[in-house]
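Note that ligands are numbered from 1 as they come in the structure, with each ligand's atoms numbered from 1 the same way.
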Amino acid sequence: MVNYPLLLKEIEKEIQPLFSKGKVANYIPALSKVDPKQFSMTIQLFDGTSYGVGNQNKAFSIQSISKVFTFTLALKHYGKELYQRVNHEPSGNPFNSLVQLEYENGIPRNPFINAGAIVTTDSLTSIHKDSTFEHILNFIKKTSNDESIVYDNEIFHSEMANGYRNMALINMIKSFNNIHNPIDDVIKTYFKQCSIMMNTQQLAQSMLFLANHGINPLTNEVIITESQAKRINSLMLTCGHYDASGDFAYKVGLPGKSGVGGGIVAVVPQKMAICVYSPQLNSQGNSLIGTKALELFTTKTGLSIF
Ligand code: DON
């Protein structure tokens, strides 16, 4: 039996020399204001027990981690039909890259790069219209078993004011007829979902269904089918860290999803979900210390999928 409290303390100690090696995201001005020297980590087990280190109550902007929730909702509704609009291959490119999209006729490589998430958000907008964001937020509240989750209005407006690349992406995709709703509505929902604030405890709980064949083990609620849970985990493994997905799989060996807010969520099938937060990023936009902490976790416990 692993002594999780001790393990987490060891990890916290071992990551200390890495502070100052990364950089907080600054292309969204509101994100650049966070204290760079933060580290928290939560391990959430199926029986409701959790273990943590650092300030696990500190909420941060989930950013691209939101793409897991919107993909889950879109896959649940559209099934395989969704793959006509967004592929399921790694991109090998940065999260906000435009180049591939033109070669590939406006079909994003996968739902975890910005282009792909914008398409899944558009697909949800076709169903829920004006209440799409509320629908996404309610789903996140349900999977986290927490009604208190909100989005940050300042971060939302900061992204709206500075999201030039995302505007370029959505316009390019629209030119290939792969956006079916008004651009303004879709991009607003996309930026709002990125601005949702959660802490490591809430995020670790929210992903438990992916570790348990699509069923939330804390409530026994069926969130998605076993087969869909398999697909989402596969895509997290192959695409969850953009052009660093291979490196994350190599070092950590777990399905995971990062966000430029500094969070990473990882899934240990049939066992647990883990969330780590540390806002200094590596050059590919993933938490530098978060990646190291997860690498230490799987190395020390042997709990990887390989
Ligand atoms: O759209 C963006 O650029 C951000 N709202 C989200 C990007 C992101 O989190 C990439 N993750 N590492």
Side-chain angles (χ1 to χ4, degrees), residues 22-34 60-71 86 90-98 101 108-122 133 136 140 151-173 179 183-184 186-198 203 235-249 252 255-266 275-291 294:
K23 277 205 178 97
V24 170
N26 58 8
Y27 74 106
I28 303 168
L31 280 187
S32 65
K33 294 185 194 162
V34 299
F60 54 91
S61 175
I62 68 171
Q63 291 293 323
S64 287
I65 299 173
S66 65
K67 294 172 169 120
V68 178
F69 301 114
T70 48
F71 177 50
V86 55
S91 68
N93 276 312
F95 60 90
N96 53 8
S97 172
L98 282 146
L101 201 54
R109 270 290 171 108
N110 65 68
F112 293 153
I113 49 174
N114 289 9
I118 289 169
V119 169
T120 58
T121 297
D122 178 62
F133 176 69
I136 295 166
I140 293 176
Y151 77 97
D152 183 302
N153 206 33
E154 188 193 343
I155 296 175
F156 164 60
H157 283 290
S158 188
E159 292 215 57
M160 283 291 283
N162 296 279
Y164 304 112
R165 275 192 165 258
N166 286 315
M167 290 311 291
L169 285 170
I170 195 167
N171 276 286
M172 169 97 86
I173 306 170
I179 291 290
I183 281 178
D184 283 358
V186 178
I187 209 71
K188 268 188 196 153
T189 303
Y190 170 76
F191 285 140
K192 269 192 192 169
Q193 81 197 34
C194 291
S195 312
I196 290 173
M197 302 296 286
M198 292 171 77
L203 271 168
L235 285 187
M236 284 169 75
L237 183 73
T238 54
C239 312
H241 287 73
Y242 320 104
D243 44 343
S245 297
D247 189 55
F248 187 84
V252 178
K257 183 76 204 83
S258 70
V260 287
I264 303 179
V265 184
C275 181
V276 56
Y277 168 60
S278 189
Q280 293 183 343
L281 309 177
N282 61 24
S283 56
Q284 287 109 337
N286 304 309
S287 171
L288 190 140
I289 287 178
T291 308
L294 288 166

Donor-acceptor pair, distance only, cut-off 3.5 Å: does the side chain of T291 make one with the backbone of S287?
yes
Can you list, by chain and residue number, every protein residue with a non-hydrogen atom closer than 4.0 Å to ligand 1?
Y27, Q63, S64, F95, N114, E159, N166, Y190, C194, Y242, S258, G259, V260, G285, N286
Using modelled atom types and a 3.5 Å cut-off, is there a donor and acceptor pairing between side-chain atoms of N282 and backbone atoms of G285?
yes
State whether a side-chain donor-acceptor pair under 3.5 Å links N114 with Y190.
yes
I'd like to check the ring pair (Phe, Tyr, Trp, His ring centres under 6.0 Å) partners of F133; sequence neighbours left out, ordered by chain and number.
Y151
Who pairs with F112 by ring pair (Phe, Tyr, Trp, His ring centres under 6.0 Å), at least two apart in sequence or on another chain?
F71
Pairing residues for F69 by the ring pair (Phe, Tyr, Trp, His ring centres under 6.0 Å) criterion, not counting sequence neighbours:
none
